[in-house]
S.K.: 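Here it is, the structure, as structure tokens.
Lettering of chains follows the sequences in order, A, B, ..., and the numbering in each one begins at 1. All values derive from a computational prediction rather than experimental measurement.
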There are 2 protein chains.
Amino acid sequence: MQLAVEVNESALTERQKDVLDAALALLVEAGDTLTMTSVARRASCSKESLYKWFGDRDGLLTATVQWQASKVRGVPLDPEAFGVASLTSGLQRFASDWLHVISGNISVALNRVAVGHAGSDKHDLGAIVLENGPFAMARRLKPLLELGRDRDLLHFEETDEAFRTFFGLVVRDVQIRLLLGDRLELTDATIERDSIRATQQFLALYGAQTKAAEGGH
Amino acid sequence: MQLAVEVNESALTERQKDVLDAALALLVEAGDTLTMTSVARRASCSKESLYKWFGDRDGLLTATVQWQASKVRGVPLDPEAFGVASLTSGLQRFASDWLHVISGNISVALNRVAVGHAGSDKHDLGAIVLENGPFAMARRLKPLLELGRDRDLLHFEETDEAFRTFFGLVVRDVQIRLLLGDRLELTDATIERDSIRATQQFLALYGAQTKAAEGGH
DNA sequence: TCAGTACCGTACCGTACGTTACGGCAATCT
DNA sequence: AGATTGCCGTAACGTACGGTACGGTACTGA
């Protein structure tokens, strides 16, 4: 019980972090079929320690997901000297970052286990991944969008609607295809190109210079 | 072995279809944790029959996914009397249909198991769902898009790019959020509104009357 | 030096579940 | 009628794996 608190407060021993990294590696290799024994063997630790530190298998998975989530904190943006150029590059950089994340092995593996456990879970891995995935993306992006609206560079009613449209333009069918096992190689060049395209499309829909689209209704 | 052939040729007994429907129901209720015993009990059949008909647990899951896929065949469109109105309504109807499908309990459950089994599978449920999900959507939509381009109502270079953009505008973050267990209630009214919005946005990007966006590059 | 702590390695236990085997019953065929 | 087939229901088997117990070792602190 108090162990869960420790995990939440990131009070993780170096040894424990190593164990979670081992669990991550196994999750990438074997998916949800990883066993407590395999984690113990890979991390060269005893099963007793696993249960002592993380409670049970579910606790280990939860700690692993949270451990990975703690690694990918977002970079805050500076609101000084903000113009159409920084808005564009901000969106573009954002799209690129996100595509890199969701196409990574670890993200795919984690989303797979979270999807598999969604709903029927005490710790609810789905909620955790949701919180550190789409929701975190929204929290990071919305300030940028609203700053753009304040500067009269963007037009939209609901920030959430604008965000979700951008999400769609960026992610498209990439994530679901990767999760379903489609061999979809995203090179850096492809991601770069897609980020530019998505940003341009978003600006075409919500940019101030365009009256063509009324996105909201 | 010959049983797999039977399944592919849809040579399913009524009894077997009932069994697969029971399996579907259990899949919706319990996810991938459904057991052979539970299926047998729900369908009032013997386990011996399950193994005789479907080989093993994996075969049963595969047959279940294919059985559901066979139910949702797409409706072909008529290429006569085609104008901007029918293009718009076609896209809109398409978006609405797709949102209804992916937000349904069965679709969510099937995608969950497929994602969970993706890659490490002999029958590869991921590939099956992929084939009957995004790929089927693409196959159904592309003729409509290309017809629109032929009539000079749409401008795009790659049909696939145009399709994927439409996919993104329609699905956005809905599917991943549902798969991760987010309580996201899509009412008919919401779907209707989103379908219209997605269609309008797509036309703003690729419609002939708009020069604002060059989607391809 | 000796108790206490932390942890590794391994052996062990209980159970759930995939898979197989078998007895019985109803229908169909000869 | 007798044989064959198809299937239900249940019992039984084997195993993988989550979880626990325990002996052994290194370190720390008195």
S.K.: Return the value, rounded to whole Å, for the distance between atom CD of A:Gln16 and atom P of C:dA6.
M.R.: 12 Å
S.K.: Would you indicate which nucleotide in D:dC7, C:dT20, C:dC8 comes nearest to any side-chain atom of B:Ser46?
M.R.: D:dC7
S.K.: Is there a donor in the side chain of A:Ser89 and an acceptor in the side chain of A:Ser86, or the other way round, less than 3.5 Å apart?
M.R.: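 No, because no side-chain N or O of A:Ser89 sits under 3.5 Å from a partner of the opposite role on A:Ser86.
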S.K.: Tell me yes or no: between the side chains of B:Thr62 and B:Asp58, is some donor less than 3.5 Å from an acceptor?
M.R.: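 Side chains of B:Thr62 and B:Asp58: no pair found under 3.5 Å.
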S.K.: Is there side-chain contact between B:Asn111 and B:Leu178, with heavy atoms separated by less than 4.5 Å?
M.R.: no
S.K.: Does B:Ser49 make a side-chain N or O approach to OP1 or OP2 of D:dC8 shorter than 4.0 Å?
M.R.: yes
S.K.: Any donor and acceptor pair, going by atom type alone, linking the side chain of A:Ser195 with main-chain N or O of A:Ile191 inside 3.5 Å?
M.R.: yes
S.K.: Between D:dG9 atom C1' and B:Lys52 atom NZ, what is the distance in whole Å?
M.R.: 16 Å
S.K.: Identify, between B:Ser44 and A:Asp58, the residue whose nearest nucleotide on DNA chain D lies closer to the 5' end.
M.R.: B:Ser44
S.K.: Check the distance between C:dT15's P and A:Arg57's CZ and give it to me in whole angstrom.
M.R.: 20 Å
S.K.: What about A:Lys47, does its side chain sit under 3.5 Å from the base of C:dG9 through a donor-acceptor pair?
M.R.: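 When only heavy-atom distances are counted, A:Lys47 does not reach the base of C:dG9 through any donor-acceptor pair under 3.5 Å.
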S.K.: Could you give the CE-to-C1' distance, from B:Met36 to C:dA21, as a whole number of Å?
M.R.: 16 Å
S.K.: Under 4.0 Å: is that the gap between some side-chain N or O of B:Trp53 and OP1 or OP2 of D:dC7?
M.R.: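 For B:Trp53, the contact criterion (side-chain N or O under 4.0 Å from OP1 or OP2 of D:dC7) is met.
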S.K.: Considering heavy-atom distances to DNA chain D, does A:Thr33 or B:Thr13 have its closest nucleotide positioned more toward the 5' end?
M.R.: B:Thr13
S.K.: Could you state the CD-P distance from B:Glu48 to D:dA11, rounded to the nearest angstrom?
M.R.: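 Checked: the CD to P distance equals 16 Å.
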S.K.: Report yes if at least one side-chain N or O of B:Arg15 is closer than 4.0 Å to OP1 or OP2 of D:dC8; otherwise report no.
M.R.: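 So the side-chain polar atoms of B:Arg15 do come within 4.0 Å of the phosphate oxygens OP1 or OP2 of D:dC8, strictly under.
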